[in-house]
Each structure stands twice: as C-alpha cells, then as structure tokens.
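Here's the structure we're looking at; comments come further down.
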Amino acid sequence: MKNKCIKYVCFGLLSLSIMSCDDFLTLQPEYQINELGYWQNETDFETAIVGLYSGLQSYAQNLVWAQELGTDNATFQLSNAESHVTGFDYWNLAPTNSYVNSYWTNSYSMISRANTILSRLPRMDFTSKPRMEAECKFIRALSYFQLVQLFGDVSISEIEFSSPNQIADYDFSRKPVEEVYQLILRDLTEAESLLANEEIPSNKGKISIGAVKTLLGKVYLTRHEYDQAATKLKEVIDMNAYSLDPDYGSLFSEGNDDKEESILEIEFASGNIGEGNNFAFNYYPNVTNMAAFPGNIMAGGRCVPSKTIWNAYEEGDVRKDMALGNQLPMIDGTTSEYLFCKKFVDYSATTLTDGGVNFTLLRYADVLLMYAEVLNELGQTNEALPYINQVRQRAHIADLSGLSQTDLRLAIEKERQLELCFEGHRWFDLKRTGRTMDVINEDFRNLGLSFSVEEYELLLPIPQGQIDIDPNLEQNPGY
C-alpha cells in the first residue's frame, strides 16, 4: 500500500488532496464532498484552468538550466555553487540533480491537471468548453514535448486517477519516443480544430490558434518533417496577427504584456506570493555591494551570460545592449565588470524572486527564424533569406545574401542564439540540428576547460527518486 501511494504522488496524478496512504482508508467523505461540491459548473472549470496555467510559471523558470546554463550561452557566477548548478554548466549530471527532478515533476503535474479537467469536461455543457479542452490539450502537449526532448522515452498518461487500485494496475513504463510524439501531435491538431473559429485574443497570456500552430510548427521542425512545419509556420505568418516590435528591449522589460510580437506569454505578478518570477535572481551575478535593485539586493548568479555569447554579436547589433550588460552598478557609484542578462528582469521588485515581467514563451521572431530554417532545409535557400533578414533588420545589422545552404544553416543557428538567448531555446536548437556536442565541446576547448558533453548526455538522467519508487522505470544509459 505504501509503494502504491508514493507512486501515485510521484507521477503527479492525484486529483484529490491525499496526504498519506492511510488517508485512503478514510477517503469516502472527502471524495464525496469533492465530487458533489466541485466540477459542477463553468466557474469551477474556469478555476481549474487558472490552476493549469499556473504550472507554466515553473515551466518558464526551469528553462534556464539545460536550455541556457547547459549551453555556450551561459555559466554561473557564484562561489561554491551547488552541484545541481555545476552539473548543467559542466555536463556532469547526477540522477539526484534537483533541477532534473523539477523538469520531470513540473511536467507531470501539468499533465495531471490537464487530464483531470479533460476527464470531466465531456459531461458539461457550456460555451467555453471547446476552448478549455484546447487549453488542456495544448499544455499537455507542451509538457510531453519538453519531456520527450529532455528524457527520450517517458511514461504516458491521458486519464485521471481516482483510486490506488487504478494506480497499481496502470502501466507506467516508459513509452517509445514516437508514441509520445504521436500523442503530442494528436493533442495539438485537436486543439487547432477546437480553436479554428476563434480570433487571436488581446490577452497574450491565453492560448490561441496562433500559439497552437506555432507549437505544431516547432514540433514538426524538431522531427525534421519540413513540409508540415512549413505549412504551419506559413499559416502563422499569413494570419497577419503578429509583427516584430521595433523596440527589441521592450519585449523583456516592465510593461511587456500583450505585445504584437508575442504569441504566448507566461504571466507573472509581483506582490503576490508565488506569482513572481526569479529571473533577476538567476540572471544577475552573486556580487556583494551591487546596486542594481532596490535595497541593493545581491543576486544568485546561477545562470549569467558567458563570454562566448558576449563576444558573438556583430558590430552595431542593438540586441546586445538590450539583452545583456557587462558594467554592474555598485553602491559606491562605480561599476564592476560582471556579465548579466536583462531579459524578463523586474528592476522595481523588492525581492529578486518576485518579478512581475511576463515571460514570452512563443514570439514572432522565432516563427520567422524557424520558417527560414525550414525553407533552407527544403532547398529553398534564397527564399529563406528574407525571413532571417527581417530579424536582422530589426537588430540594425546588414542583410545576408548569396549564402549556400550550409552557410545559411550556420547563420540561422547563430541568429537564433543571439535573438533568443536566455529564452530557453539554445539546447533544443542544437539537439534538433545535431550540433550539440560539436558546439558545446568546442566552447569548452576554447575556454581551456576539460569538460565535455558525451552522446549519452544528450538525454538527461531519469530522476533517481522516480526510479527508487518504481524500479521498472529504467534509467537512461550512461547514468
């Protein structure tokens, strides 16, 4: 009984508030209250949807680890950094790494919430039902998309669990990558159909048909299904609902809500416990006597820009100063040379884990660069150039022309690095193009470091806590 209950909690599949296995013995009254007092009307479901969206806040803040710290974009600036930080920076990960566990548990928590709502929607009848179904399927697909890219084969669940016997009988073994992707594609195509007749909402914190098509395009691109990716990404472009903001820096600073470039934002709010972001804490160095924030607060320094990305910008690229800095203000009025990232940092927050700047999960520049990549891979190199050049023109740097397919491939890789740095794209971009080990290991060598990424490390270890609970959950090779 004990193992069944722990397994239940492990996969984040509880739909009821069960604190211990003994509670199953007295579950009846609480279960009846839950069933009879909730899930009865549209308001109940709206509240549940708000809870579903709240999981995206943790999703956004987890992106800094493998996707940024684990790449040539970032390093840490912190004396005696914890092993769960150095593990990503040096690619020396252990299955006990707490951030690895966060990827797993947060994703399955969102999946569980989505499954609970989806299991109860069919018996309801209200006008927002199709939208709610689409939101659940999008977030479930997004969660599985992250899991499959980070861990490879993973457990799949599409149902709500309501008893320990269901848990005990369920097959939680890891399913093949292709099976996971088929679930992702099915969820997204169904969400696309459900939102087909909706206009783009002014609130970019809500999932929209544009967000669904964009994520579909990204999934197809990741799978190297270029024709399908081209179709979906061109549909987003042809919607004429999004455009590049002339002011690149405004995308990441206070007041960045609902920008025309935003396709999907993850909303944060300072002053509400648990609703603020922690980007300032991670993106600024751990230095005493700095004066970047109210009260001269010292940051955490766990994911700061690397010298590599600082030196990667072309002369005149305005994105550099809008995204990064190297002169840290000090309380004595001087500056010190430390690298820091300005994106999504709230300079008015009184604590560095309570920022109110929204995180942009999907934006139009990403669509343009993905579409350029797709066209180039389809052999349409000249046709791809205008899309990357739109992004470069906003950065005030010269257009590209006359490139071979190979040269443009590398140019797009670099453009994505500079345009989207510290937004959680770099690791997945390099994996998609098969360039992870070449790029990161070369960066280690250039820095005079003896670390390296091995092929088995292209997948993260399955968290040890999950394997301790279920020994049938096989560990990824090499760990």
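What you see below is based on every heavy atom in this structure, not just the backbone, and it leaves out hydrogens, waters and symmetry mates.
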ask   = How far apart are the C-alpha atoms of Glu158 and Asn115, what are their side-chain angles, what is the distance that settles it, and do they pass the side-chain hydrogen bond (donor to acceptor under 3.5 Å, both in side chains) test?
value = CA-CA 6 Å; Glu158 298 179 69; Asn115 287 344; over 6 Å; no
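- Under a 4.0 Å N-O distance rule, the pair Asp366/Arg416 qualifies as a salt bridge.
- Between the side chain of Ser270 and the main chain of Gly355, no donor-acceptor pair closer than 3.5 Å is present.
- The local environment of CG in Asn197 is sparse, with at most 12 non-hydrogen atoms from other residues, nucleotides or ligands closer than 6.0 Å.
- Qualifying salt bridge (Lys or Arg N to Asp or Glu O under 4.0 Å) partners for Glu254, counting only residues two or more places apart in sequence or in other chains: none.
- Distance CD/Gln466 to OG1/Thr105: 7.5 Å, rounded to 0.5 Å.
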task = Start with the C-alpha gap between Val219 and Leu185, add the side-chain angles, then the distance that decides, and say whether side chain to side chain contact (heavy atoms under 4.5 Å, CB included) holds.
result = CA-CA 8 Å; Val219 172; Leu185 291 170; 3.6 Å; yes
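- Using a 3.5 Å distance cut-off with no hydrogens or angles, the side chains of Glu135 and Tyr53 do pair a donor with an acceptor.
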ask   = When you look at Ser107 and Gln146, which way does the side-chain hydrogen bond (donor to acceptor under 3.5 Å, both in side chains) test go after all the steps?
value = CA-CA 8 Å; Ser107 294; Gln146 181 178 75; 3.2 Å; yes
request  = Please test Leu459 against Lys431 for side chain to side chain contact (heavy atoms under 4.5 Å, CB included), starting from the C-alpha separation and ending with a verdict.
outcome  = CA-CA 10 Å; Leu459 295 177; Lys431 278 195 66 175; 3.8 Å; yes
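- The minimum heavy-atom distance between Ile156 and Tyr170, with the atom names listed, is O-OH, 2.8 Å.
- Ring orientation note: the planes of Phe344 and Phe279 are tilted relative to one another, at an angle of 30° to 60°.
- Listed here is the closest heavy atom pair of Ala395 and Arg319: CB-NE, 3.4 Å.
- For the pair Lys343 and Phe252, the distance from NZ or CZ to the six-membered ring centre is under 6.0 Å and the angle to the ring normal is within 45 degrees.
- With respect to Asp429 and Arg426, no salt bridge is recorded, no charged nitrogen being found less than 4.0 Å from a carboxylate O.
- Scanning both residues, Asp354 and Ala349, for their nearest heavy atoms gives O-CB, 3.6 Å.
- Checking Ser173 against Lys175 by side-chain atom types alone, a donor-acceptor pair falls below 3.5 Å.
- Side-chain atoms of Gln40 come within 3.5 Å of backbone N or O of Tyr38 as a donor-acceptor pair.
- Put simply, the side chain of Asn272 never gets that close to the backbone of Glu275: no donor and acceptor are under 3.5 Å apart.
- Going from atom OG1 of Thr350 over to atom CD1 of Ile297 covers 6.5 Å, rounded to the nearest 0.5 Å.
- Ion pair Glu68/Arg302 not flagged as a salt bridge, since none of the NZ, NE, NH1 or NH2 atoms sits closer than 4.0 Å to an Asp/Glu carboxylate oxygen.
- With values rounded to the nearest 0.5 angstrom, Asn101 atom CG is found 9.0 Å from Asn97 atom CG.
- For CG of Asp125, the number of neighbouring non-hydrogen atoms (other residues, nucleotides, ligands) closer than 6.0 Å is 12 at most.
- Between Glu133 and Lys129, no side-chain nitrogen of the basic residue sits less than 4.0 Å from a carboxylate oxygen of the acidic one, so the salt-bridge criterion is not met.
- Lys204 and Glu260 are not joined by a salt bridge, as no carboxylate oxygen comes within less than 4.0 angstrom of a charged side-chain nitrogen.
- The nearest pair of heavy atoms linking Asp257 to Asn358 is OD2-ND2, 3.3 Å.
- A distance-only check finds no donor-acceptor pair linking the side chain of Ser58 to the backbone of Gly55 [under 3.5 Å].
- When all heavy atoms of Gly217 and Ala229 are compared, the closest pair comes out as O-CB, 3.7 Å.
- When atom types are taken as modelled, the side chain of Thr116 and the backbone of Ser112 share a donor-acceptor pair closer than 3.5 angstrom.
- Under the ring-ring contact (aromatic ring centres under 6.0 Å, His included) criterion, Phe340 pairs with Tyr284, not counting sequence neighbours.
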message = Evaluate Arg223 against Arg432 for side chain to side chain contact (heavy atoms under 4.5 Å, CB included), listing each step before the verdict.
response = CA-CA 8 Å; Arg223 289 169 56 82; Arg432 179 179 70 248; over 6 Å; no
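- Note that CD1 of Ile266 is 11.0 Å distant from OG of Ser54, once rounded to the nearest 0.5 Å.
- Contact annotation: the side chain of Tyr144 approaches that of Ser157 to within less than 4.5 Å [non-hydrogen atoms, C-beta and beyond].
- A donor-acceptor distance shorter than 3.5 angstrom exists from the side chain of Asp153 to the backbone of Val177, with no hydrogens or angles considered.
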task = Test side chain to side chain contact (heavy atoms under 4.5 Å, CB included) on Phe359 and Glu265 and set out the steps.
result = CA-CA 6 Å; Phe359 179 87; Glu265 299 171 6; over 6 Å; no
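- Atom CD of Glu178 sits in a crowded spot, with more than 12 heavy atoms from other residues, nucleotides or ligands closer than 6.0 Å.
- Between the side chains of Thr214 and Arg363, no donor N or O sits under 3.5 Å from an acceptor N or O.
- Relative ring orientation between Phe88 and Trp91 is described as perpendicular, the plane-to-plane angle rising above 60° on a 0-90° scale split at 30° and 60°.
- Between Thr75 and Asp89, the side chains place a donor N or O and an acceptor N or O closer than 3.5 Å (distance only, hydrogens not considered).
- Side chain to side chain, Thr86 and Glu82 fail the donor-acceptor criterion of an N or O pair below 3.5 Å.
- Between Trp65 and the choices Leu150, Leu460, Asn282, the side-chain contact (heavy atoms from CB on, under 4.5 Å) rule is met once, by Asn282.
- Between the OH atom of Tyr371 and the CG atom of Leu221 there is a distance of 12.5 Å, given to the nearest 0.5 Å.
- Shown here for Glu423 and Leu63, the closest heavy-atom pair between the two residues is O-CD1, 4.1 Å.
- A donor-acceptor distance shorter than 3.5 angstrom exists from the side chain of Thr189 to the backbone of Arg186, with no hydrogens or angles considered.
- Annotation: the span from Gln57 atom CD to Asn106 atom CG amounts to 10.5 Å, rounded to 0.5 Å.
- Panel note: side chain Tyr108, backbone Ser155; a donor-acceptor pair is recorded below 3.5 Å.
- Using a cutoff of 4.0 Å between basic side-chain nitrogens and carboxylate oxygens, Asp245 and Arg394 are not scored as salt-bridged.
- A salt bridge does not link Arg392 to Glu419: none of the charged nitrogens lies less than 4.0 Å from a carboxylate oxygen.
- Looking only at side-chain heavy atoms (C-beta outward), Asp187 and Phe138 stay at 4.5 Å or farther from each other.
- Taking the side chain as every heavy atom from C-beta outward, Asn286 and Phe76 never approach each other to under 4.5 Å.
- Side-chain contact check for Met322 versus Lys342: every heavy-atom pair is 4.5 Å or farther apart.
- In this structure, Tyr103 contributes its side chain and Asn62 its backbone to a donor-acceptor pair below 3.5 Å.
- Using a cutoff of 4.0 Å between basic side-chain nitrogens and carboxylate oxygens, Lys259 and Glu261 are not scored as salt-bridged.
- Of the possible donor and acceptor atoms, one in the side chain of Ser306 sits under 3.5 Å from a partner among the backbone N and O of Ile309.
- Counting heavy atoms from C-beta on, the side chains of His425 and Gln67 never come closer than 4.5 Å.
- Inspection of the Arg174 and Asn476 side chains reveals an N or O donor paired with an N or O acceptor under 3.5 Å.
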